[in-house]
Amino acid sequence: MQIPRTTIEQWSVLQVVVQSGSFALAAEALNRSPSSISYTVNKLQQSLGAELMKADGRRAVLTDLGRELLDAAVPLIEDFIELEAQVRSRDAEFSQRLSLNVDSLFPSHLLFEALSHFSRHYPDHRVDLQEHVRRAVVSEAGADWDLAISMPSPNLRSIARLYESRFLQVARADHPLIQRKPTRSAMMRHTRVVVEGDEVIAGTASPKEGRFWIVESVAAIKAAILQGNCYGWIPQEAIKEELTRGEVAVLELGPMAQGSIPLELYMREAVEASAPIRYLVECLINVAEHHRQAEASSLPSSRHEGD
C-alpha cells in the first residue's frame with residue numbers, strides 16, 4: 001500500500017504563498033515565521049522531486065508544473081477542510097446531547113412538561129429519551145444514560161426522591177373478586193395481570209403465584225382489567241377516572257389493596273454536571289414538587305367544623 005509523500009498542510013501552505021504573493025506575507029497570514037514557510041515549500045518540492053515555484057523579481061510564482069499540481073490539490077484541500085468541519089460539528093452535537101432513562105411509572109405529563117421547560121431554555125440541546133418498565137438501574141458499569149428516573153438502587157447515590165407511584169389492587173366492578181370479600185384461595189383461582197417488578201409493591205413476596213399474565217406496560221394492565229379478564233396492581237393515577245365512574249373497584253383487602261413504588265433521580269457520577277444537566281435536574285424536581293403540592297391541596301381536609 002502506498003502512502004503519500006506529501007501532506008495537505010504542505011499544499012495548503014503553497015496555496016497561501018501563491019495567494020499572498022510572497023513568503024513573508026504568507027508567514028504573516030499563517031502566523032508562522034518566514035523560514036518555516038520556506039522550509040515547508042522546499043520540503044514539498046523535495047518530496048515530489050520537482051520545482052513548483054520560481055523567482056520572478058521579488059515575487060515567488062508557480063512554475064507551469066506547480067500551477068497544474070496546485071490546481072489538482074485545491075479540491076483535496078477543500079475536501080479536508082470540509083471533513084474537519086464535519087468532525088467539529090459532530091463533536092459539538094455530541095457535547096450538546098444528554099441521555100435520560102425513565103421508568104414508565106413516572107407520569108408522562110410530568111416528564112414532557114419538564115422536557116418542554118428544558119427545550120425552551122436549551123433549544124439546541126438534544127435529549128435522548130429511553131423508557132423502561134419497572135427495572136432499577138443497578139450500577140453505572142456500561143450505563144448509557146446521564147440521568148435516570150428509576151426504582152431505588154442500593155448501589156447508586158440518589159439526587160432526589162422524585163415521585164411516589166401509588167398503587168391499588170383493582171378489578172372491574174362486575175368481577176367475582178369485587179362481588180364478595182376475596183380470600184387467598186379465590187384470588188389464586190382468578191387470573192392476575194402482572195409486570196416484572198410487582199414484588200416491590202407492598203412487599204409482595206411472590207407476585208406470580210396462581211394464574212397470571214405477564215405484560216410490559218401499564219396500558220396493557222389497564223386494558224386487561226377493564227375487559228374483566230384480570231385483577232391486579234395498577235397505578236392510582238392511571239385508573240382514577242374509571243374508579244370515579246364506578247367501572248372498576250378496589251379489592252376489599254384493607255391495607256393489602258394499597259402500595260407504592262418510589263422513584264429516585266440519579267445522575268451518573270462519570271458525567272460532568274454541566275449547566276444543561278443541572279437545569280434538566282431542576283426542571284424534573286420542580287414539576288414533581290408542583291405535582292405533589294397540587295395533590296396535597298386537592299385532598300379533603302382532615303379537620304372538621306367546630307374542632
Side-chain angles (χ1 to χ4, degrees), residues 101-113 129-138 148-153 162-264 288 291-292 294-295 298-300:
N101 191 301
V102 181
D103 193 299
S104 61
L105 288 177
F106 189 67
S108 296
H109 68 279
L110 298 183
L111 172 63
F112 296 129
E113 181 184 346
L129 178 64
Q130 184 176 11
E131 189 178 62
H132 63 267
V133 180
R134 225 166 296 178
R135 185 182 70 248
V137 289
V138 294
I149 300 173
S150 166
M151 294 189 301
S153 172
L162 198 61
Y163 185 76
E164 191 91 16
S165 184
R166 297 182 179 85
F167 281 75
L168 299 172
Q169 282 207 78
V170 304
R172 202 167 74 175
D174 59 355
H175 193 282
L177 292 178
I178 299 297
Q179 304 306 309
R180 62 187 63 86
K181 186 172 183 177
T183 63
R184 178 177 174 80
S185 60
M187 294 176 70
M188 296 283 282
R189 289 196 302 271
H190 291 281
T191 303
R192 176 178 176 183
V193 60
V194 301
V195 169
E196 295 292 345
D198 270 356
E199 63 272 14
V200 302
I201 306 172
T204 308
S206 182
K208 297 174 186 174
E209 290 181 348
R211 301 177 180 179
F212 58 88
W213 289 353
I214 300 177
V215 297
E216 290 289 332
S217 68
V218 171
I221 292 176
K222 184 174 181 177
I225 290 172
L226 291 179
Q227 284 295 324
N229 303 115
C230 308
Y231 72 98
W233 288 109
I234 189 168
Q236 183 175 343
E237 180 84 11
I239 204 72
K240 61 183 181 181
E241 292 183 5
E242 289 77 9
L243 280 168
T244 301
R245 293 196 297 263
E247 297 173 21
V248 298
V250 179
L251 272 61
E252 195 178 341
L253 294 171
M256 293 303 296
Q258 302 179 42
S260 65
I261 295 180
L263 295 177
E264 307 282 347
H291 178 72
R292 278 193 292 270
E295 279 195 328
S298 67
L299 294 175

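As the structure is a computational prediction, the values presented were derived from the model and not from experiment.
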Show your working on side chain to side chain contact (heavy atoms under 4.5 Å, CB included) between Met187 and Leu253 and close with a plain yes or no.
CA-CA 11 Å; Met187 294 176 70; Leu253 294 171; 3.9 Å; yes
Check: Arg192 and Cys230 side chains under 4.5 Å, non-hydrogen atoms
no
When the ring planes of His291 and Tyr163 are compared, do they come out parallel, tilted or perpendicular, using 30° and 60° as the limits?
tilted
Take Ile234 and Val248, measure what side chain to side chain contact (heavy atoms under 4.5 Å, CB included) needs, and give me the verdict at the end.
CA-CA 11 Å; Ile234 189 168; Val248 298; over 6 Å; no
Tell me the closest heavy-atom pair linking Val218 and Ala238, and the distance in Å.
CG1-CB, 3.8 Å
Least distance between heavy atoms, His190 atom then Ala186 atom:
CD2-O, 3.0 Å
Between CD1 on residue Ile149 and OG on residue Ser104, distance to nearest 0.5 Å:
11.5 Å
For Leu226, does its backbone N or O pair with a side-chain atom of Arg172 as donor and acceptor, under 3.5 Å?
yes
Pro182 side chain reached by Glu252 side chain, heavy atoms, under 4.5 Å:
yes
For the CG atom of Leu251 and the CD1 atom of Ile178, what is their distance to the nearest 0.5 Å?
4.5 Å
Going by heavy atoms in the side chains, are Gln236 and Gln258 under 4.5 Å from each other?
no
Provide the closest heavy-atom pair for Gly259 versus Trp233 in the form atom of the first, atom of the second, distance.
N-CZ3, 3.7 Å
Would you say Glu131 and Leu111 make side-chain contact, with heavy atoms under 4.5 Å?
no
Measuring only between side-chain heavy atoms, which start at C-beta, is Thr191 closer than 4.5 Å to Asn229?
no
Got Met151 and Leu263 here, is their nearest side-chain heavy-atom distance under 4.5 Å?
yes
Using only atom types and a distance under 3.5 Å, with no angle test, would you say the side chain of Arg211 pairs donor to acceptor with the backbone of Arg189?
yes
Output for pair (Thr183 OG1, Leu177 CG), nearest 0.5 Å, gives 8.5 Å
Would you check if Val195 and Glu216 make a side-chain contact, meaning some heavy-atom pair closer than 4.5 Å?
no
Donor-acceptor pair, side chain of Gln169 and main chain of Met256, under 3.5 angstrom:
yes
Would Val215 and Val194 count as a side chain to side chain contact (heavy atoms under 4.5 Å, CB included) here? Give the steps.
CA-CA 6 Å; Val215 297; Val194 301; over 6 Å; no
With a 4.5 Å heavy-atom cut-off, do Phe167 and Leu105 have their side chains touching?
yes
Measure from the side-chain N and O atoms of Arg292 to the backbone N and O of Leu162, and report whether any donor-acceptor pair falls under 3.5 Å.
yes
Do you know the tightest heavy-atom contact between Pro262 and Glu164?
CB-OE1, 3.7 Å
